[in-house]
Participant: 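What follows is a structure written as structure tokens; I'll ask about it next.
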Amino acid sequence: MVHNFFAGPSILPREVLDKMAQAYIDYNNTGLALAESSHRSDNFTEIINGAISLARELLQLPEEYEILFLTGGASSQFYMVPMNLLNEADTAAYINTGIWSKKAIAEAQIFGATEIIASSAEQNFNFIPKQLPETTQYKYVHLTTNNTIYGTQYRNIYPRVDCPLVADMSSDILSEPIDMTQFDLIYAGAQKNLGPVGTTLVIVKKELLGKVSRKIPTMLDYRTHIKRGSVFNTPPVMSIYGCWLNLQWIEKQGIEAISKNNQAKASLLYDTVDSCSLLHTSVAKEDRSVMNATFHIEREDAQSLFEELCKEAQIVGIKGHRSVGGYRASMYNAMKLESVEVLCQVIRKVEEQLA
Ligand SMILES: *Cc1c(COP(=O)(O)O)cnc(C)c1O
């Protein structure tokens with residue numbers, strides 16, 4: 001059995017993959033492939049409506065939130081958010097917790113003024129900055145809830161701000177019960193914890209929109225997709241179907257049970273890393289991500305042994321992001337505890353042989 005620790009596209013439940021594979025060539029025994037069906041067909045209408053209403057239910061989103069399945073990845077939200085919310089004379093506040101935050105800031109600067117109101121840059125992004133100044137004067141505050149690359153995460157306590165709060169939740173959405181009404185706009189690329197790559201979930205309070213003076217290209221205006229229920233143009237039908245299936249899987253497990261399992265996996269791995277002298281993580285204890293654990297191995301002989309044993313154990317996707325090096329274990333919802341146990345066995349073996 002392969003143990004898939006890739007950060008994204010990442011592990012999905014086997015039953016989701018099986019149903020997707022089947023539907024690709026023959027949707028629900030209709031003899032028609034989903035891949036060759038119109039996005040205006042009854043089948044796809046059921047899928048998109050099902051995905052939207054199940055997302056609303058699982059995330060407990062009140063009526064004032066619109067739910068969209070868009071394309072262009074979370075990276076496109078870096079510019080769509082300021083394009084739709086920020087006038088040239090306005091200032092948006094950003095919390096800088098790493099590469100994804102920085103990319104979001106760079107895009108926002110195209111549309112208006114930005115201010116970094118908190119940052120963990122001076123410590124290589126190994127913690128979550130908690131102190132914020134007053135925020136009444138900003139158009140919105142933007143944060144990244146889970147920093148996929150560094151392994152830091154807001155542990156269910158988000159800053160209280162006096163303006164709309166925007167969150168990039170790409171790598172931890174639906175990993176634990178969260179009161180989503182703390183946020184006004186949320187976006188998440190599907191391929192980390194939501195479903196197969198190809199679509200991006202956007203949740204937005206309608207009242208935020210229509211307040212900028214610039215012209216917005218039709219496809220980049222949230223209101224276009226709200227008006228047309230995410231089928232203004234041809235959406236990525238397979239990806240959205242996969243998201244619906246995965247949402248059904250989440251519903252079946254229960255978000256509480258998923259969260260418990262995520263906690264168990266993360267605790268096991270962090271405890272193992274902490275107890276081994278050859279491995280260390282620089283992430284502040286209270287900010288350690290439940291989704292992506294990052295760690296380093298200093299000694300080269302230990303690195304080689306670790307990588308060799310990972311290969312033997314069929315552990316894949318364990319290398320750290322190319323910008324930070326080291327190792328990273330991504331443990332999204334679909335990963336079973338036993339995969340983390342296999343990784344921990346490998347870690348202990350390295351320690352036994354070389355420490
Ligand atoms: C992966 C990731 C992104 C980029 O997502 P794309 O869909 O590839 O554009 C942005 N933010 C976070 C937090 C991510 O983990």
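Note that these values count all heavy atoms, side chains included, but never hydrogens, waters or copies made by symmetry. Counting starts at 1 for both ligands and their atoms, following the listed order.
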Participant: For a quick check: using heavy atoms under 4.0 Å, what are the residues in contact with ligand 1, sorted by chain and number?
Facilitator: Gly73, Ala74, Ser75, Phe78, Trp100, Thr144, Asn146, Thr148, Asp168, Ser170, Ser171, Gln191, Lys192
Participant: Sequence neighbours excluded, which residues qualify as side-chain hydrogen bond (donor to acceptor under 3.5 Å, both in side chains) partners of Arg223?
Facilitator: Asp221
Participant: Who clusters with Leu12? Use side-chain heavy atoms, under 4.5 angstrom, across I, L, V, M, F, W and Y, and order the result by chain and number.
Facilitator: Leu17
Participant: Among Leu68, Thr224, Leu70, which residue satisfies the side chain to side chain contact (heavy atoms under 4.5 Å, CB included) criterion with Phe232?
Facilitator: Thr224
Participant: Taking Ser239 for the side chain and Pro196 for the main chain, is one N or O donor matched with an acceptor at less than 3.5 Å?
Facilitator: yes
Participant: Rest of the hydrophobic cluster containing Phe6 (Ile/Leu/Val/Met/Phe/Trp/Tyr, side-chain heavy atoms under 4.5 Å)?
Facilitator: Val2, Val316
Participant: Any donor-acceptor pair under 3.5 Å linking the side chain of Thr200 with the backbone of Gly73?
Facilitator: yes
